[in-house]
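Index from 1, following the sequence. Because only heavy atoms are used, hydrogens play no part in the values below, and waters and symmetry mates are left out as well, while side chains stay in. Treat the numbers as computed from the prediction; the structure is a model and nothing was measured.
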Amino acid sequence: TTPAPTAAEQAHPTTNQSLQRKVIRNGDVEFEIDNFDSDTLTVTKIVVEEGGYIATTNSDKLPNGKVKGTVTVRVPPERLDTLVMQLRSLGDLKSQKLEAQDVSKQYTDLDSELTAARAMETRLLEIIKTGKGSVKELLETERELANWRGKIEKIVGQMKYYDNQVALSTLSITMYEKDIKTVAAAIETETVEA
């Protein structure tokens with residue numbers, strides 16, 4: 001059985017929510033493949049099956065005529081490991097790097113800053129509402145209010161960024177086509193000899 005909540009937990013029911021860890025999981029993988037276009041379609045299919053989506057695709061044709069490119073995908077973090085395992089069917093895995101960054105402290109600090117900034121905003125609004133003081137003081141208070149609202153927007157924006165990064169992992173998949181000229185030449189040689 002779970003213990004009954006303490007008086008502090010009853011007074012602050014969001015305590016458990018604020019203690020929830022915020023972890024950003026991202027990664028990079030690199031494959032040597034046969035065909036960039038068909039393997040990009042395979043990546044898209046696998047990513048969609050894992051509940052994700054393609055964020056960007058960039059590719060270049062190299063001087064040897066082969067294609068090298070990167071497909072960046074976003075996927076729920078709990079599906080990242082499965083996605084990487086499924087992608088191994090693409091070709092020869094050359095490198096893999098998966099990392100987790102715990103931003104819980106930064107997020108908690110931002111939450112505290114936001115609470116303080118909103119409290120200051122409320123105080124400044126009260127000063128303006130009461131209309132006490134000279135016109136100069138009220139104008140100064142309005143300028144100060146605008147500054148605090150700017151701070152609040154910045155904090156909220158940073159928290160939304162962290163929320164987005166925690167909610168979906170980013171995986172960069174670099175793929176480059178094998179240089180198959182040597183294979184083609186070997187096949188031609190065998191055909192001529194036969």
Side-chain angles (χ1 to χ4, degrees), residues 14 16-118 148-181 183-184:
T14 58
N16 288 339
Q17 185 181 1
S18 63
L19 291 177
Q20 182 182 3
R21 290 178 54 154
K22 299 280 184 182
V23 179
I24 299 171
R25 293 196 67 215
N26 291 327
D28 296 287
V29 289
E30 186 174 305
F31 292 96
E32 186 177 52
I33 57 165
D34 291 327
N35 184 284
F36 184 84
D37 292 335
S38 66
D39 285 330
T40 299
L41 291 174
T42 303
V43 167
T44 302
K45 182 177 180 284
I46 293 170
V47 168
V48 169
E49 286 171 0
E50 291 302 322
Y53 66 90
I54 305 295
T56 60
T57 303
N58 298 308
S59 62
D60 293 308
K61 193 169 229 176
L62 303 175
N64 66 0
K66 300 301 169 191
V67 178
K68 177 180 182 177
T70 302
V71 179
T72 304
V73 303
R74 302 291 312 276
V75 67
E78 65 276 7
R79 310 284 277 282
L80 181 61
D81 296 318
T82 305
L83 172 65
V84 170
M85 291 302 291
Q86 288 188 17
L87 289 175
R88 288 187 174 190
S89 65
L90 288 175
D92 188 11
L93 178 65
K94 294 297 183 181
S95 69
Q96 173 181 315
K97 177 181 150 193
L98 298 176
E99 60 188 1
Q101 178 188 7
D102 190 337
V103 293
S104 303
K105 183 186 180 323
Q106 294 93 319
Y107 196 90
T108 302
D109 291 347
L110 286 170
D111 193 39
S112 297
E113 285 179 42
L114 182 60
T115 301
R118 285 195 168 141
W148 280 100
R149 284 187 169 161
K151 289 178 186 178
I152 289 170
E153 284 180 29
K154 187 176 177 186
I155 294 167
V156 168
Q158 184 64 41
M159 291 176 81
K160 283 182 179 178
Y161 170 78
Y162 279 145
D163 285 336
N164 179 275
Q165 293 299 301
V166 168
L168 289 172
S169 293
T170 303
L171 181 68
S172 291
I173 306 158
T174 300
M175 299 180 288
Y176 55 92
E177 294 177 342
K178 293 177 187 171
D179 188 357
I180 56 172
K181 287 179 185 172
V183 175

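Summarising the geometry, atom CG belonging to Asp92 is positioned 9.0 Å from atom CZ belonging to Phe31; distances are rounded to the nearest 0.5 Å. Interatomic distance, Asp60 CG to Tyr176 OH, rounded to the nearest 0.5 Å: 15.5 Å. One distance of note links OG of Ser172 with CG of Asn26; it measures 8.0 Å at 0.5 Å rounding. Note: Thr42 OG1 to Gln86 CD = 11.5 Å, rounded to the nearest 0.5 Å. Note that OH of Tyr107 and OG of Ser112 are 11.5 Å apart. Values are rounded to the nearest 0.5 Å.
Using a 4.5 Å heavy-atom threshold, the side chains of Val73 and Leu83 count as touching. Between Val84 and Gln96 the shortest side-chain heavy-atom distance falls below 4.5 Å. Counting heavy atoms from C-beta on, the side chains of Gln106 and Tyr162 come closer than 4.5 Å. A 4.5 Å side-chain heavy-atom check between Thr72 and Thr170 finds at least one atom pair inside the cut-off. Side-chain contact between Val156 and Arg118: present, with at least one pair of heavy atoms (C-beta onward) separated by less than 4.5 Å. Contact of the Leu171 side chain with the Leu87 side chain is registered, since non-hydrogen atoms from C-beta on lie closer than 4.5 Å.
In the displayed structure, Lys94 atom NZ is contacted under 6.0 Å by more than 12 heavy atoms of other residues, nucleotides or ligands.
The backbone N or O of Leu168 sits less than 3.5 Å from a side-chain atom of Arg74, completing a donor-acceptor pair. Side chain of Gln165 to main chain of Ile24: no donor-acceptor pair is present (N/O by atom type, distance under 3.5 Å, no hydrogens or angles).
Here the shortest heavy-atom pairing between Gly65 and Lys61 reads O-CE, 3.4 Å. Between Asp37 and Asn35 the shortest heavy-atom distance is N-OD1, 3.1 Å. Here the closest heavy-atom approach between residue Tyr53 and residue Val47 is recorded as N-CG1, 3.4 Å. Considering all non-hydrogen atoms of both residues, Met159 and Leu114 come closest at SD-CD2, 3.9 Å. Nearest heavy-atom pair across Gly51 and Pro76 is O-CD, 3.4 Å.
Listed by first then second residue, pairs satisfying salt bridge (charged side-chain N to carboxylate O under 4.0 Å, His left out) with a partner in residues 38-58 read Lys45-Glu49, Glu50-Arg79, not counting sequence neighbours.
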Mind running side-chain contact (heavy atoms from CB on, under 4.5 Å) on Met175 and Val71 for me, showing each step along the way? CA-CA 8 Å; Met175 299 180 288; Val71 179; 3.8 Å; yes
Check the pair Leu93 / Arg88 against side-chain contact (heavy atoms from CB on, under 4.5 Å), numbers first and verdict last. CA-CA 7 Å; Leu93 178 65; Arg88 288 187 174 190; 3.7 Å; yes
Using the side-chain contact (heavy atoms from CB on, under 4.5 Å) rule, take Asp81 and Leu98 through it: C-alpha gap first, then chi angles, then the decisive distance, then the call. CA-CA 9 Å; Asp81 296 318; Leu98 298 176; 3.6 Å; yes
Carefully, step by step, assess Thr174 and Asp28 under the rule side-chain contact (heavy atoms from CB on, under 4.5 Å). CA-CA 8 Å; Thr174 300; Asp28 296 287; over 6 Å; no
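Side chains of Arg21 and Ser104: a donor-acceptor N/O pair is absent below 3.5 angstrom, by distance only. Side-chain N/O atoms of Arg25 and Gln101 include no donor and acceptor closer than 3.5 Å.
Ion pairing of Asp179 with Lys66 is absent here, as no side-chain N (NZ or NE/NH1/NH2) approaches a carboxylate O to less than 4.0 Å. Under the 4.0 Å criterion applied to side-chain N and carboxylate O atoms, Lys22 and Asp102 are not assigned as salt-bridge partners.
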